[in-house]
Amino acid sequence: MAILPQFVWTFIAAQLLPLTFVNYIHTFKFMLTSRRIVATSTIHLPVSYSIGTAQNPNLSTLATTSKITLTSLQPLLTLDYGTEVLGIPTLDVDEISGLAQIELRYSEEFAGLDNVNGDGPFNFANGLTNMFRAETFEIAKPGNFQSYFAQGGLRWQSIRLLTNGSITISGAGLQGATILPSNQLPGAFNSSNGLYEDIWNLGAKAVQTACVEKGGLKPTWDITDDGALIYGQQTGQSVKGMGYSNYTMSFTTKIVRGGTGWRVATPAHSYGPYFVLTSNYPTNSTFVNTNTTLLPANNLIVGYGWGLVNVTTLTTGPVQNYPVQISISENEWLRITTSITPQGFLVLVNNVTIATISYTEGIAFASHYGSSSVTAGSWGFGPYQDQVAYVKNVEVTAANGTTIYENSMASTEILKEYGMGTNDASVCLDGSKRDRLVWIGDFVHTARILGASMNRTDFISGVMDFVFARQITSVGYVPMDAQMGTSIQYKEVYYPANFIIMDYQIFFLVTIGDYYQMTGDLALVDKYWQQTKLVATAILSFVDSASGLLGSEYAYFFSGPSNGTAPSALMVLALRQLIPVAVAVGDNSTAQAYKSAADAISTSINEKLWNDELGFYSLSLTSPEDFSAAGLAFAIRAGIANATQATRSISNLPLLKYGLGYMDDTTVTKSNETQLSPNILGFLLESLFIANMTMGVQTLDVATDLLENFWSKMVTQNEYYTGASWEYLYPDGSPGIGLYTSLSHPWGGAPTYILPQYVLGISALDPGYKKWQFKPLVYGMGLDTSEGVVPTPQGGIHASWKLAGGGLLLNVEAPSGTTGTISLPFVPSDISVSCEGRYAGGALVEVNGGSSCKIFALE
Ligand SMILES: *[C@@H]1O[C@H](CO)[C@@H](O)[C@H](O)[C@H]1NC(C)=O
Ligand SMILES: *[C@@H]1O[C@H](CO)[C@@H](O)[C@H](O)[C@H]1NC(C)=O
Ligand SMILES: *[C@@H]1O[C@H](CO)[C@@H](O)[C@H](O)[C@H]1NC(C)=O
Ligand SMILES: *[C@@H]1O[C@H](CO)[C@@H](O)[C@H](O)[C@H]1NC(C)=O
Ligand SMILES: *[C@@H]1O[C@H](CO)[C@@H](O)[C@H](O)[C@H]1NC(C)=O
Ligand SMILES: *[C@@H]1O[C@H](CO)[C@@H](O)[C@H](O)[C@H]1NC(C)=O
Ligand SMILES: *[C@@H]1O[C@H](CO)[C@@H](O)[C@H](O)[C@H]1NC(C)=O
Ligand SMILES: *[C@@H]1O[C@H](CO)[C@@H](O)[C@H](O)[C@H]1NC(C)=O
Ligand SMILES: *[C@@H]1O[C@H](CO)[C@@H](O)[C@H](O)[C@H]1NC(C)=O
Ligand SMILES: *[C@@H]1O[C@H](CO)[C@@H](O)[C@H](O)[C@H]1NC(C)=O
Ligand SMILES: *[C@@H]1O[C@H](CO)[C@@H](O)[C@H](O)[C@H]1NC(C)=O
């Protein structure tokens, strides 16, 4: 058990109690002793607080030594951590009188604290954290107290005393991985416009809170001699039952508190019928806030889908209750049997029939999320919020009476089987609070942000290890959103449900190219070269022979339709990225094949999708009069668009302008809840700088608009601010999926790698920055200065530029063993170069790394 340091705070409410410090020995644990020991190193502490009867946005600063007492007169403590943090909630309790039940809520945005479920629940996946964002505890004695689960990202927390006693708290925090202030990261960026530094920080914060060190989290099931001890969470399904249907599943369960939960006929994703059996709610273990409308005592509660409540974008079926005629005691073993019969789900408890639940409701919701049948699929276990139960002796019999599965649930092997293991690689998730899956499409931004800020390229290799280990080599695909805790041994079980977005495969190829360019790590790209080629081959099979574009009725692309510009141009980009990798690993024939394929797709795009009349790349062959931001962005980055095409397309961007940002494409329905995507707009932003830098296209007004009016919203609105980049925005600049929006999502953080590369102007010319370029963007963004550090394998390249004294002052210090080219924005009339460098004439200066190089150039 981790013993936490005593930490304390000060505030005015201390008037309630004398400021005595009680040094308790921290041995107490609530109810069921948890054995969470996590490889973490920090207690994240709140910075301000309020106390009263309702949430109050006017918080006071928390400082040093003091204590907060919650009573029925002022039951609610609100804590603000200032920016995104995550980890295991911990409390130091100094004193209790009477019964002390407290409800904790968590949220990224302030308003989530006013919602009964916080900003959750996050039903989509088990991210080795609590899917619930509200949890209740009874504190029996003073001491240090820790939640069973870690929480994913949050900024706000509330603690409400539910009962009539009082509780004095001397500390609260989250125990989790260290999050460095941005000024302590290896990468850095700032400029004369301070907003841009704040925007750079967004991605840097997002990757720090969305990437997870190998082994840094523990399984969320405890395996005991009495079977699996499971705290309320999304169910985990056995990989062994996916192929079965119409079976009877029995298990023995002991409710420790509240109830027990299970599924049958469910795919690997937790989407299917969900059963909860509630206890008779004995007063000594039942929380006073138990929602007896949703979960009445002695009832079988049945939902169909993800769980028992709807959240934005994750709809679940209606919930039905079946009163149980026997009293369900806690701490007693029960045998629960669920049969998938022609009449419906027949549920028995201790041989007593509880209900037959017809399939009618289920059928209406069955055809979602890889679940196609109400009677087929595996079984799984997971009690509901704040419930705790043991599960053992699972037995499944087929309709013909044959026993097809038996498990005592007392071996840690079941963690792999039920997808409930730990994280066996250092990986980056899509977001800090959700989905907490290794989404490889999102990762195309994440990887570059890692390089530009944390310099943790080992997270990129970690994701490559994790993802390639789960490749289905017979078809070539890698999983688009593998879950931590699942086992390589059972990778086929997750196919095809976790492999359906085909351009996520392409993004992964782009990342492999980016990784090589960033690190020059030939060993790793070589190790995975055959597997990389399998992915590329699988996607190239979707090139339609009639159109020459990427298109198939069997393929779904996230970035745009089949036979459309976005997926086709993205594939051209991926192939072009892989050519230097192919050459480096000595596979010239593949390099040649990729070049031919890229050229052919590129030609088809220009021939068939360039709409010369309207001046943009069409969304697809069947939507010639529509266009998308992603299509334009990829056509530019892949080198498909020429200067005229780029100029004309960009001049059409006002057609996408909506609210504070730009829509994905011209077919999007406009409403106050249109989702504007910083993921897509990150691709667009980079393409604007590329078009400006390489083709001299006037794009910087749009780039400036995106930074000043769109990304700025992640910085300037305190009620939503987390210090990190967001998943979606509504047109008014508020979070784009309501409370459910991930407000720490690296896919929204592209400026973190774009600003240093294009505005400061440091980029790699050779893999691993052995040769680099310093090409400052001095004009067009309204800046006078810019400065930053770009991490490289040899160390950081420190650079700055400044307009001063009628000229341009440049300063660069690069690691020895590298050489660089400095490109001036004009041919100087006079120039002084003080370093181991050489003025090469025109606007070029060549320098060797290892010394500080100062250049002053007059226009
Ligand atoms: C609640 O009371 C029952 C019966 O007295 C006892 O068996 C059980 O251990 C108690 N539970 C708790 C959590 O105190
Ligand atoms: C209880 O659950 C019902 C049904 O989901 C919900 O409408 C209600 O808001 C919940 N009440 C509380 C206090 O959580
Ligand atoms: C969720 O919303 C859907 C559609 O609006 C509705 O049919 C369903 O009953 C809701 N589920 C719950 C648990 O409220
Ligand atoms: C399972 O039972 C349903 C009727 O309840 C039937 O339609 C279905 O075909 C059965 N599945 C198998 C694989 O036997
Ligand atoms: C259920 O009934 C069977 C025989 O029909 C019996 O062997 C078993 O002990 C009963 N189980 C329980 C939990 O009562
Ligand atoms: C009974 O059903 C199971 C599962 O479908 C099957 O594997 C087994 O062969 C069947 N046994 C007999 C005797 O039909
Ligand atoms: C793509 O375009 C070709 C040529 O027009 C057509 O034959 C094919 O069916 C299209 N594919 C899809 C998925 O629409
Ligand atoms: C592969 O191509 C590279 C660059 O085009 C060339 O330098 C090298 O000699 C070629 N290698 C082989 C084995 O052909
Ligand atoms: C750019 O592409 C368009 C369309 O293919 C073509 O008409 C035009 O000549 C090209 N312009 C240049 C400068 O190459
Ligand atoms: C959008 O407008 C509808 C109808 O006026 C309103 O209910 C909803 O809250 C609005 N959404 C946002 C995000 O402002
Ligand atoms: C970045 O990490 C690499 C190791 O991957 C190290 O060699 C390099 O010095 C680091 N650069 C900076 C700026 O910290």
Side-chain angles (χ1 to χ4, degrees), residues 101 103-105 109 111-121 123 132-136 158 160 162 232 258-259 274 276 278 287-297 299 301-303 305-321 384-386 502-503 539 541-557 560-568 571 601 604-605 607-609 618-624 658-661 669-676 713 717 719-720 726 728-741:
Q101 286 186 4
E103 182 195 70
L104 279 65
R105 290 186 193 167
E109 66 172 90
L113 293 182
D114 274 331
N115 184 28
V116 289
N117 296 316
D119 61 0
N123 288 328
F132 294 106
R133 301 283 272 181
E135 56 180 340
T136 300
S158 68
R160 181 186 288 276
L162 301 170
Y274 178 48
V276 174
T278 53
F287 296 140
V288 297
N289 62 343
T290 303
N291 186 338
T292 51
T293 311
L294 181 65
L295 298 160
N299 263 249
I301 293 100
V302 183
W306 296 110
L308 301 182
V309 297
N310 276 333
V311 288
T312 333
T313 75
L314 214 56
T315 308
T316 196
V319 173
Q320 303 160 72
N321 295 342
Y384 200 65
Q385 183 172 7
D386 293 326
M502 282 305 146
D503 46 356
I539 302 302
S541 76
F542 292 128
V543 175
D544 183 282
S545 56
S547 67
L549 302 164
L550 221 56
S552 164
E553 54 184 307
Y554 304 110
Y556 169 75
F557 301 106
S562 268
N563 280 331
T565 303
S568 304
M571 189 60 189
I601 301 170
S604 300
I605 293 171
E607 280 178 10
K608 303 199 165 125
L609 290 168
S618 299
L619 188 62
S620 71
L621 292 180
T622 49
S623 300
Y658 189 58
L660 297 169
T669 307
K670 294 179 180 175
S671 85
N672 65 340
E673 294 189 352
T674 299
Q675 288 170 5
L676 305 178
K713 292 293 151 186
Q717 306 178 91
E719 66 271 43
Y720 306 126
W726 299 0
Y728 285 107
L729 276 69
Y730 284 138
D732 70 356
S734 60
I737 329 178
L739 289 179
Y740 197 59
T741 317

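Each ligand, and each atom within it, is numbered from 1 in the order the structure gives. Sequential numbering from 1 along the given sequence is applied to the chain's residues. Keep in mind that what you see is a predicted model, and the values were worked out from it rather than measured.
With sequence neighbours excluded, no residue satisfies side chain to side chain donor-acceptor pair (under 3.5 Å) with Thr674. Shown here are the ring pair (Phe, Tyr, Trp, His ring centres under 6.0 Å) partners of Phe557, two or more places apart in sequence or in another chain: there are none.
Only one option out of Asn117, Leu308, Val309 pairs with Gln385 in a side chain to side chain contact (heavy atoms under 4.5 Å, CB included); it is Asn117.
Formation of a donor-acceptor pair under 3.5 Å by the Asp544 side chain with backbone atoms of Ala546 is found in this model.
The atoms of ligand 7 that sit less than 4.0 Å from any heavy atom of Asn563 are 1 (C), 2 (O), 3 (C), 8 (C), 10 (C), 11 (N), 12 (C), 14 (O). Under a 4.0 Å criterion applied to the non-hydrogen atoms of Ala546, ligand 7 contributes the atoms 4 (C). Within the listing of ligand 7, atoms 2 (O), 5 (O) sit less than 4.0 angstrom from a heavy atom of Leu621. For ligand 7, the atoms sitting less than 4.0 Å from at least one non-hydrogen atom of Glu553 are 13 (C), numbered in the order shown with element in parentheses. Ligand 7 places these atoms under 4.0 Å from at least one heavy atom of Ser552: 13 (C).
For ligand 2, none of its N or O atoms has an N or O atom of Thr293 under 3.5 Å away.
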Less than 3.5 Å apart, N/O on ligand 10 and N/O on the protein: could you list those pairs with the distances?
residue   : atom   : partner : partner atom : Å
ligand 10 : 2 (O)  : Asn672  : OD1          : 3.4
ligand 10 : 2 (O)  : Asn672  : ND2          : 2.3
ligand 10 : 11 (N) : Asn672  : ND2          : 2.9
ligand 10 : 11 (N) : Glu673  : OE2          : 2.7
ligand 10 : 14 (O) : Asn672  : ND2          : 3.4

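At a threshold of 4.5 Å between non-hydrogen side-chain atoms, the residues Thr565 and Ile605 count as touching. Taking 4.5 Å as the limit, some side-chain heavy atom of Ser547 sits within range of a side-chain heavy atom of Leu621. Taking the side chain as every heavy atom from C-beta outward, Tyr274 and Trp306 never approach each other to under 4.5 Å.
For Tyr554 and Phe542, the ring centers are positioned 6.0 Å apart or more.
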Output side-chain donor-acceptor pairs under 3.5 Å for residues 288-297, partner residues at least two apart or in another chain, one line each.
residue : atom : partner : partner atom : Å
Asn289  : ND2  : Glu103  : OE2          : 3.1
Asn289  : ND2  : Thr136  : OG1          : 2.8
Thr290  : OG1  : Phe287  : O            : 2.6
Asn291  : OD1  : Thr293  : N            : 3.0
Asn291  : OD1  : Leu294  : N            : 3.1

